[in-house]
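For reference, the structure is listed below as structure tokens.
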Amino acid sequence: MKNFLANLSEKLSEALRAVLPVIAIVMVLCFSIAPISTSILLCFLIGAAMIVIGIMFFTLGAEISMTPMGERVGSAITKSKNLFVIIALGFILGFIITISEPDLQVLAEQVPSIPNATLILSVAVGVGVFLVVALLRMLFGIALPHLLVGFYLIVFIIAGFVSPDFLAISFDSGGVTTGPMTVPFIMALGVGIASIRTDRHASDDSFGLVALCSIGPILAVLILGMVFNPNESLYTPVELPEISNSVQLWEMFRVALPTYLKEIAISLLPIIVFFGIFQVVALHLSGRHLRRIAIGMVYTYIGLVLFLTGANVGFMPAGNYLGQVIASLDYRWIIIPIGMLIGFFIVKAEPAVYVLNKQVEEITDGGISARAMGTALSVGVAFSIGLAMLRVLTGIPILWFLIPGYAIAIGISFFVPKIFTAIAFDSGGVASGPMTATFLLPFAQGACIAVGGNIVTDAFGVVSMVAMTPLITIQILGMLYQLQKRRDARKEQPVLTPAMEFELLDDDAIIDL
């Protein structure tokens, strides 16, 4: 019981550190340059409280259940050494986890012109195919940078033949697919597969699954854009709450809560069924392990329900309205630094970021601290939101940012250690989670409405920008880490006197002298 309370207290502290800065920024804006209605402000504050509690339970649950589940499934798949089994299970796993991903549901509801089921199934197929590619890469030891060059080249070639209405949505879908449901399981899957390998690159290759799984949805939606011809691309604005009393305020959250209770139950069910079948056929875990995993799944369920209810009911309207108000000011350019400031802190509240940072710290034996990872991610996301707000104000096409951005990221990948490239491309998918989809995307949509821009081409794309910039900042962190290691190695190298050098020579060398 003491350990449980200690863990819960630690997770609560982490959640507060992540969410409080975002609350502080929004409150300062509300009481200065961007006044908002009492209804929206109260919804935001209750939503923030739910997000804090949700993150607390989710991170605890992911640690107890999702991570060990993924590791055991990954090692069991690899031990089979049957290529057909690996391909079949990899596709099924990628497909069902994607359908389970709450982030994708959030994006699908905001995307005009494409039916939700069509978008979700297309994305799920894309993730399934690329999870197979990621598993085969690990098994055969194929270098990640070469695959990234090839696949992103295909992505940008196909993008040239797709309607602009589909471009931003395509790249956004790659970011939201790797969210709080997918990341813990897929990253743990990589660790489980790597644990079977004995070569020196095994730990490096344990990352990179999320990176490749992020490409599948982009390709799938781009191809969908080539064959799917909608008649119209109407955007439905976020509904802003109007509340006259406390009972109506509670009613908003009470009405939404059953929706997310059902949605998350449906999302978790395929993973539980898949793991249950695996337990019977291959794993045979003890009752104690199963009870621990079951308790962890309950925590995960509670955490995701609270998180998504708070984010969708509380954060989404606030983000949209703030975007409208700030972009309506005479000095609308201020939305760029404000967006950057929000982006710097909001990424810390992404549930899957905790999982990534902790796993990086463990795999590198503390060489890359969770704090350094968090800072690099925050800098990257701040820069991306600044660019996204610039797009909203000016209408610059998204490919003008994505093509050079990915070219720089892939170019750097040939000069940094393999593990940093894999971590960087994983982090891009992890950073663009539900906080981006439920606050930053509505923020951009609200701003776009205020400036009279095209919502589909100018506001969508925020998620993809958030997914792109960490690829560069994390790899730069890797270059700095490598330089520091070299400096430390030089300092530790002993200075040898001539007498000491002579003593180290073998007999043949002495005779030669």
Side-chain angles (χ1 to χ4, degrees), residues 12 15-56 106 109-110 236-257 259-260 305-332 334-351 385 389 392 433-451 459 462:
L12 177 61
L16 286 170
R17 285 200 301 270
V19 180
L20 284 178
V22 179
I23 297 172
I25 293 167
V26 171
M27 294 299 286
V28 169
L29 290 172
C30 291
F31 291 107
S32 56
I33 63 171
I36 65 176
S37 70
T38 308
S39 301
I40 296 173
L41 181 59
L42 287 173
C43 283
F44 172 79
L45 292 174
I46 293 176
M50 295 180 80
I51 285 172
V52 168
I53 299 169
I55 290 174
M56 176 185 71
V106 172
E109 288 171 7
Q110 297 182 70
T236 304
V238 174
E239 188 176 341
L240 300 176
E242 287 296 333
I243 301 161
S244 58
N245 57 57
S246 57
V247 174
Q248 288 183 3
L249 177 64
W250 161 242
E251 192 68 13
M252 283 193 63
F253 288 90
R254 189 197 65 77
V255 169
L257 202 57
T259 303
Y260 296 107
V305 168
L306 292 173
F307 181 91
L308 286 174
T309 305
N312 283 284
V313 180
F315 267 47
M316 192 178 285
N320 186 280
Y321 192 72
L322 277 174
Q324 289 187 49
V325 173
I326 296 170
S328 300
L329 297 170
D330 293 335
Y331 43 96
R332 62 177 55 165
I334 201 170
I335 199 169
I336 296 175
I338 288 173
M340 292 179 73
L341 185 64
I342 294 172
F344 183 89
F345 288 106
I346 207 165
V347 70
K348 297 177 186 293
E350 291 288 2
I385 298 302
M389 292 303 109
V392 168
M435 291 299 287
T436 304
T438 58
F439 190 86
L440 292 177
L441 181 55
F443 184 74
Q445 290 168 345
C448 201
I449 290 169
V451 300
V462 171

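Sequence positions, counted from 1, serve as the residue numbers for this chain.
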So, using side-chain contact (heavy atoms from CB on, under 4.5 Å) as the criterion, who are the partners of Ala24 when residues are at least two apart? none

List in chain and number order the residues that pass side-chain contact (heavy atoms from CB on, under 4.5 Å) with Met340, two or more places apart in sequence or in another chain; answer none if no residue qualifies. Ile336, Ala382

Could you tell me which non-hydrogen atom of Leu249 sits nearest to which non-hydrogen atom of Cys43, and how far apart they are? CD1-SG, 3.7 Å

Here the gap from Ile334 atom CD1 to Ile33 atom CD1, rounded to the nearest 0.5 Å, amounts to 4.5 Å

Correct closest heavy-atom pair for Ile335 and Ala447 would be CD1-CB, 3.5 Å

For Leu12, side-chain contact (heavy atoms from CB on, under 4.5 Å) partners two or more places apart: Leu16, Val52, Met56

Partner residues of Arg17 under the side-chain hydrogen bond (donor to acceptor under 3.5 Å, both in side chains) criterion, sequence neighbours left out: Ser13

The reported gap from CE in Met27 to CG in Leu41 (rounded to nearest 0.5 angstrom) is 5.0 Å

Under the ring-ring contact (aromatic ring centres under 6.0 Å, His included) test, which residues partner Phe44, sequence neighbours left out? Phe315

CG/Asn320 to CD1/Ile40 distance, rounded to the nearest 0.5 angstrom? 8.5 Å

Heavy-atom side-chain contact between Ile342 and Ile385 under 4.5 Å: no

Can you give me the closest heavy-atom contact between Leu257 and Met50, atom names plus distance? CD1-CE, 4.3 Å

Taking salt bridge (charged side-chain N to carboxylate O under 4.0 Å, His left out) as the test, write out the residues that go with Arg332, two or more places apart. none

In the structure I gave you, are the side-chain heavy atoms of Val26 and Phe439 within less than 4.5 Å of one another anywhere? yes

In Å, rounded to the nearest 0.5 Å, how long is the span from CG of Leu29 to CG of Leu341? 8.0 Å

Straight-line distance of Ile46 CD1 to Ile51 CD1, nearest 0.5 Å: 12.0 Å

Would you call Val462 and Phe443 a side-chain contact if the rule is heavy atoms closer than 4.5 Å? no

Any idea which heavy atoms bring Ile36 and Cys30 closest together, and the distance? CD1-SG, 3.3 Å

Heavy-atom closest contact (Val392 atom, Val451 atom, distance): O-CG2, 3.6 Å

Of the non-hydrogen atoms in Pro21 and Ala18, which two are nearest, and what is the gap between them? CD-O, 3.7 Å

